Every structure is written in structure tokens, then in C-alpha cells.
There are 2 protein chains.
Amino acid sequence: MARAPQKADARARLLDAALMLIRSKGYSATTVDELCAAAGVTKGAFFHHFKSKHALGVAAAEHWSQMTGALFAAAPYHTLPDPLERVLGYVEFRKALLQGELPEFTCLVGTMVQETYQSVPALREACALSISNHAATLVDDIQAAMESRGLTPAWTAQSLALHTQAVLQGAFILAKANGGAKVAADSIDHLYRYLQMLFQPQAEQHRG
Amino acid sequence: MARAPQKADARARLLDAALMLIRSKGYSATTVDELCAAAGVTKGAFFHHFKSKHALGVAAAEHWSQMTGALFAAAPYHTLPDPLERVLGYVEFRKALLQGELPEFTCLVGTMVQETYQSVPALREACALSISNHAATLVDDIQAAMESRGLTPAWTAQSLALHTQAVLQGAFILAKANGGAKVAADSIDHLYRYLQMLFQPQAEQHRG
DNA sequence: CAGAACATACCAACCGGTCGGTATTTTCGT
DNA sequence: ACGAAAATACCGACCGGTTGGTATGTTCTG
């Protein structure tokens, strides 16, 4: 019979606490004591599982990559027949995720990298990897959409995939500044429109 | 005869130091002692001019608004005859600003708001004001461009102006993650292309 | 001399991290 | 199958340094 008060192990609870706390207050302002209190573990447990706070940050970035990787891998847009529809479906999916409070749908690694890109190289690299790996999941569909439309544009599938991430990261910043997700949804709509126009340059615009 | 080592007053030097330090390490990780050392003033001077660190943050956001406001007001794209050219000129100008090291061209308020939007309301508001005031400088030109082309789109000039800021903020995050400005420049190119297509929907695409 | 602009000394709270210790599980020779 | 040994998981008091902030001067300026 397992102990009642804590079902998951301390490490997993610390990582989950880190996701919410860091997205709420940032990496630097989140203290080890707060993490421990939120996870219901002691400081001894913290430094048993992570050799330092920075190591927790790196592990949190990797945990984030795994969680989001699973979420997007299971998303329904992958079953769409046309590659362009899958790309547009991804953007729609991102917009649909704008639910709840800001710390619940904003990006952990986008927050962390802003604070640590100069001072904690290992954390910067972990965040960069998380973003570029996620962007990479779009490249094949973008490339296939380009080929199916016979496009030979000045831009690359890779740069367009990264641009989608830039729009999303920026949309989160505006949402934090505004205190609401509306502005982020509007920006994602612009991204959606851009993708439509890129791949259907001669089609008439939809209105309303 | 004024003292040789310090020409400007302590307040101005503290604000200038805040711009660089906060953009380098974030708001929370920047300490009052570091600010004082970088500005060449003592702690007594700091708390003489700012009643708290948060107050320095708010003042830095306002200082940032004034500096960037002057920079963009004096930029050459304002003299272009066509409103769309002015909007595109703004985006080109933003791309041209991607010079030097990351802390020199990234956005102060975008960095600060990520860390403080939940914990320091006054700072969040100051950052939001800085961003929305800057975006507002684009709205008239966008509106004029819409009218001159007879566009009655589903989007508003306001939302498009905010979208440009989202792209820029997101481009900075990607640049910080990647350790270079190249990815930011690519994303700004996508933004430029979007604006071109929005206002010239039937024109043929340029290639190469 | 009045008051703004600084400087110096100091403080309590808090920070990340360490340390010696205990409880639990796993390993493994017999 | 069994128990010793070793590894793992966890605890919480403690540490030295740092934090934002204060109290009390001193100096410069009009």
C-alpha cells in the first residue's frame, strides 16, 4: 500500500511545480524553497534529485519538451490528408490551446530563455533545443505543401516553421502585457492568414 | 568645475545601466547592487531617486518608451509618400536595427513583462503601455494604406499593428535561444512578405 | 541656511546549497 | 530463501553570502 499523501515521486512533482511557478513568476524569481513547498517535498529531496537550481531548469525544459511533444503528436490535425491542411490545423490547434489562465498556456522555455540566455548556457541550449525540435515537427508538412503547390519561394520550410514559433512566442508576450489571451488569438489569426496566402497566392481572399 | 568621473546625474546613469543589465540578465536577476556598480553610484543614491527596485523598473520602462519613441519618430521611413511604403519601411527599419550584441537590440519591456506580469502590476502596466503606444504609431499608416487600396478586411489596423509587435517580440526570443540575430531577421522577412501580400493580393509574387 | 544630491554603515530576511543522518528498496553471495 | 551490504530516497537543521531596503550622516548648490 503506497503512502497516501504523495503518489508521484518527488522528482516528478518538483518538475510539475516548476512548470507552473516559472511560467507565473519567471525563472530567477522562483526560489528553491517555493518549488519545494509547491511540490510538497523538502529541500533535501530537491538537491537529491537535482544538483542545482540550474539543473532543475534544464530538466524542466526537457520535461516540457516531452509533455508538449506528446500533446502535439496526439493532436487530430495530423490525420488531415493535405499537408497544407495539417499546417493550418496546427495553427488552429495552437489557437484552441489559449484557454484558462496565462501561466497555464504560455511557453515555459520561451520564458526561461529570456532570463538565462546570457548567464546559464546549459539552460539556453536546452530551451533552444525544445523550440527547434518543436518547429522541426512542422517542416515536413510545410515542405510537402510547397511541393504539392509547385512553389519555389525565396523562403525555406525551416524558416517558415521558425516564424510560426516567433509569432506564438510574441503572442504570449503581448498576452502577458495585456493581461488576456485575446491579443494572442488575433495574432495567430494573422499567422493563419499569412500561411493561406503563401500557399494560395492567386485565390480570392475570404472576407468576414 | 564639475566632477570628472560622472557627467550625467545619477538617475540617468542608473536608467541607462538598467537598460543594458535587465536586457542581459532579466529583471529579477538584476540586483540593486549591480545597478549601482554599473552606474557608478552608491546605494544611497539609488534609493534617493527610486523608492524601490520596482519603481526603478517602472521608470526604466518609461525611459525606454521615450528613447525608442524619439528613435522611431526620427526614422527616415516617415518621409515616404505612400502609407504602405511607410509601414514596410518601418519593418525594414526594425530589421536594420538588428546589429551588435543581443542585449543591445532586444526589447526591454518585452523582457520585463514576462517576469513581472503576475507579480508586479505597476510594472506590467508600464510595459503594456510602452508596447501599445509604440504599436499605435503604426495604426494611422496602416489605416491609410487600407483605405487607399479599398480594402475592407476581416482584420483591423490595430490588430495588424499589434501583430507586427508580436512577430518582433517572438523574433527576439528565438534570437536569444539561437544565440544570434539571423533567425530574427528571417522572421521579420516573413512579416514583410505578409504585409506585401495583404495589401497587394493580386500582384504577382516576387521570387528569388 | 535650506534642501536636494549623494555617501556610508548597517540590517533582517532570504537565497542557493551543504551536511549528517534515517528509512526504504535493491543487489547479491551463500 | 535469507540476511548482510549497498544503493537510493528523503529529511530538516544549518551555513555563508546576498538581497532589497533603511538610518544617518556629509557635501554640493542656489
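Side chains are part of it too, since the values below use all heavy atoms of this structure and drop only hydrogens, waters and symmetry mates. Remember, it's a predicted structure, so these values are computed and weren't measured experimentally. Letters go in sequence order (proteins before strands), and every chain restarts at 1.
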Legend entry - Atom-to-atom span, CG of Leu21(B) to P of dG20(D) - whole angstrom: 12 Å
Legend entry - Between dA4(C) (P) and Arg11(B) (CZ): distance, integer Å: 15 Å
Legend entry - Under 3.5 Å donor-acceptor, Glu34(B) side chain and Thr31(B) backbone: yes
Inset, instruction - Tell me which nucleotide among dA4(C), dT8(C), dC10(D) gets nearest to the side chain of His48(A). - result: dC10(D)
Legend entry - 5′-ward residue of the pair Gly44(B)/Gly44(A) relative to DNA chain C: Gly44(B)
Inset, instruction - Show your reasoning for whether ring-ring contact (aromatic ring centres under 6.0 Å, His included) applies to Phe72(A) and His78(A). - result: CA-CA 9 Å; Phe72(A) 287 101; His78(A) 288 292; 8.5 Å; no
Where do N or O atoms of nucleotides 14-17 of chain C meet protein N or O atoms at under 3.5 Å, pair by pair?
unit_1  : atom_1 : unit_2   : atom_2 : d
dG16(C) : OP1    : Lys53(A) : NZ     : 3.4
dG16(C) : OP2    : Val32(A) : N      : 2.9
dG16(C) : N7     : Lys43(A) : NZ     : 2.9
dG16(C) : O6     : Lys43(A) : NZ     : 3.3
dG17(C) : OP2    : Lys53(A) : N      : 2.7
dG17(C) : N7     : Lys43(A) : NZ     : 3.4
dG17(C) : O6     : Lys43(A) : NZ     : 2.8

Inset, instruction - Send over the distance from His49(A) NE2 to dC10(D) C1', rounded to a whole Å. - result: 7 Å
Legend entry - Within 45° cone of Tyr27(A) ring axis and under 6.0 Å: Lys53(A) NZ or CZ: yes
Inset, instruction - Round to the nearest Å and state the distance from Arg13(B) atom CZ to dC6(C) atom C1'. - result: 11 Å
Inset, instruction - Indicate the ring-plane relationship of Tyr77(A) and Phe93(A), choosing parallel, tilted or perpendicular according to the 30° and 60° boundaries. - result: tilted
Inset, instruction - Could you tell me the separation between the CZ atom of Phe50(A) and the P atom of dA9(D), rounded to a whole number of Å? - result: 12 Å
Legend entry - Atom CD of Glu101(B) with >12 non-hydrogen neighbours under 6.0 angstrom: no
Inset, instruction - Would you mind telling me which of Thr164(A), Val91(A), Leu160(A) makes a side chain to side chain contact (heavy atoms under 4.5 Å, CB included) with Leu138(A)? - result: Thr164(A)
